[in-house]
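Heads up, the thing below is written out as structure tokens.
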There are 2 protein chains.
Amino acid sequence: MLSFCKYIFAPYIAPMTKTDRAHWNGCPTRYAAGIVGDKWCFLLMRDVLLHGKRTYSEFLSGPEGISTNILADRLSRLERNGLLDRRTDPRKGSRVCYFPTRKLRDLLPALLAMMVWSVKYDADTEAPDSFAASFVADPAATIAWYEADIDRVDQDILGAPAE
Amino acid sequence: MLSFCKYIFAPYIAPMTKTDRAHWNGCPTRYAAGIVGDKWCFLLMRDVLLHGKRTYSEFLSGPEGISTNILADRLSRLERNGLLDRRTDPRKGSRVCYFPTRKLRDLLPALLAMMVWSVKYDADTEAPDSFAASFVADPAATIAWYEADIDRVDQDILGAPAE
DNA sequence: AATTACACTTGCAAAAAACAAGAGGAATCA
DNA sequence: TGATTCCTCTTGTTTTTTGCAAGTGTAATT
């Protein structure tokens, strides 16, 4: 590792000119914050990766009550950033499906780590202890298990004959 | 694990009444989103955990250019949520220090996982490959290494004799 | 041909964020 | 002691984003 400031820290915060600020990345935290550092993106990630939701109306029906314009905005933003793959639903041509890309799937470890943290600190959590325990015990296996579910959902939609 | 919907997914999204919505947690993703699902909180976490920043003016001087009212708001929010411990600086009584709590430190795994993801997908990243490699190879050791740095920063401030 | 389902879009009021300037309190200095 | 400086916020004001309600366009259904 490399030294930074007074102590040894991640060294990738470069100085930047004022004009660069808006679009410059290079810092991994800022890159992530720019893409998922938003409550709604965060919850949509959960819906896609963990709850098997794929359509506009499924997202809309969530308990948080996202409004339609915000949902449309976030979906297009996530698509633009390469996290979602937008296609018409083969089961019904007037419907649209948003599939998770590999890039989104690769956020599973971070998402699950965040959930383990929540389970530890949220007194009102409804998640079972077994969830956190299994991820801590064997992260790779837990992730593989979630990925298999994601595959099952997507294949169910894409592999189905048109009605 | 338990079954959910059509497939096997995390089962902890309970139905909720309209009045509950604003403050209800129980879902780990929503809990995390409510606390760190914000660009500025995210970046402040980075400054405290990875860059050794502790004071208002240090946060203010970051390359992202946070405005003063937003900074004050986020600091008090993070303190209210038990992520930061606000104390006067023993080195100088007119200054305030914000120390990371255990609860904040426990976000390191999630934060680092997010950074590994960014390094993989951000073409402009300035983080060295060694960073991601070491975390993937041995997460626990990498986290311990960052924690030691955090200890060093805090002890340097708290243990220093008043000037 | 008319109706329904679905995925958005638009317009408007309300809330939040960005920006600029300044207040107040401790330490330092004349 | 009183003026000065440093530092942590406040307080307006402007700009942007959000939330809500209603409407539009396209594809299936009847």
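These values consider heavy atoms only, across backbone and side chains, with no hydrogens, waters or symmetry-generated copies.
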Exercise. What pair of heavy atoms forms the shortest contact from B/Ile66 to B/Phe59, and how long is it?
Worked result: CG2-O, 4.1 Å
Rounded at 0.5 Å granularity, tell me how far [atom1] in [X] sits from [atom2] in [Y].
{"X": "B/Arg102", "Y": "B/Asp85", "atom1": "CZ", "atom2": "CG", "result": "13.5 Å"}
{"X": "B/Arg105", "Y": "B/Phe99", "atom1": "CZ", "atom2": "CZ", "result": "11.0 Å"}
{"X": "B/Asp73", "Y": "B/Cys41", "atom1": "CG", "atom2": "SG", "result": "8.0 Å"}

Can a side chain N or O of [X] be found less than 4.0 Å away from OP1 or OP2 on [N]?
{"X": "A/Tyr56", "N": "C/dT9", "result": "no"}
{"X": "B/Arg74", "N": "C/dA16", "result": "no"}
{"X": "B/Arg91", "N": "C/dA27", "result": "no"}
{"X": "B/Trp40", "N": "C/dA18", "result": "yes"}
{"X": "A/Thr55", "N": "C/dC6", "result": "no"}

In whole Å, what is the span from the [atom1] atom of [X] to the [atom2] atom of [N]?
{"X": "A/Ile66", "N": "D/dT18", "atom1": "CD1", "atom2": "C1'", "result": "11 Å"}
{"X": "B/Lys92", "N": "C/dA27", "atom1": "NZ", "atom2": "C1'", "result": "7 Å"}
{"X": "B/Ile70", "N": "D/dG12", "atom1": "CD1", "atom2": "C1'", "result": "14 Å"}
{"X": "B/Arg95", "N": "D/dC9", "atom1": "CZ", "atom2": "C1'", "result": "16 Å"}
{"X": "A/Tyr98", "N": "C/dC8", "atom1": "OH", "atom2": "C1'", "result": "8 Å"}
{"X": "B/Asp38", "N": "D/dT18", "atom1": "CG", "atom2": "P", "result": "11 Å"}
{"X": "A/Leu60", "N": "D/dG19", "atom1": "CG", "atom2": "C1'", "result": "13 Å"}
{"X": "A/Lys39", "N": "C/dA16", "atom1": "NZ", "atom2": "P", "result": "11 Å"}

Have a look at [X] and say if it touches a base, only the backbone sugar-phosphate, or nothing, with a 4.0 Å heavy-atom cut-off.
{"X": "B/Phe59", "result": "nothing"}
{"X": "B/Thr68", "result": "base"}
{"X": "B/Asn69", "result": "base"}

Exercise. Between C/dT9, C/dA7, D/dC20, which nucleotide gets closest to the side-chain atoms of A/Arg86?
Worked result: C/dA7
Seminar exercise, completed: Of D/dG19, C/dA7, D/dC9, the nucleotide closest to the side chain of A/Val96 is C/dA7
Exercise. Between A/Arg87, A/Arg54, A/Lys53, which is the residue that forms a salt bridge (Lys or Arg N to Asp or Glu O under 4.0 Å) with A/Asp154?
Worked result: A/Arg54
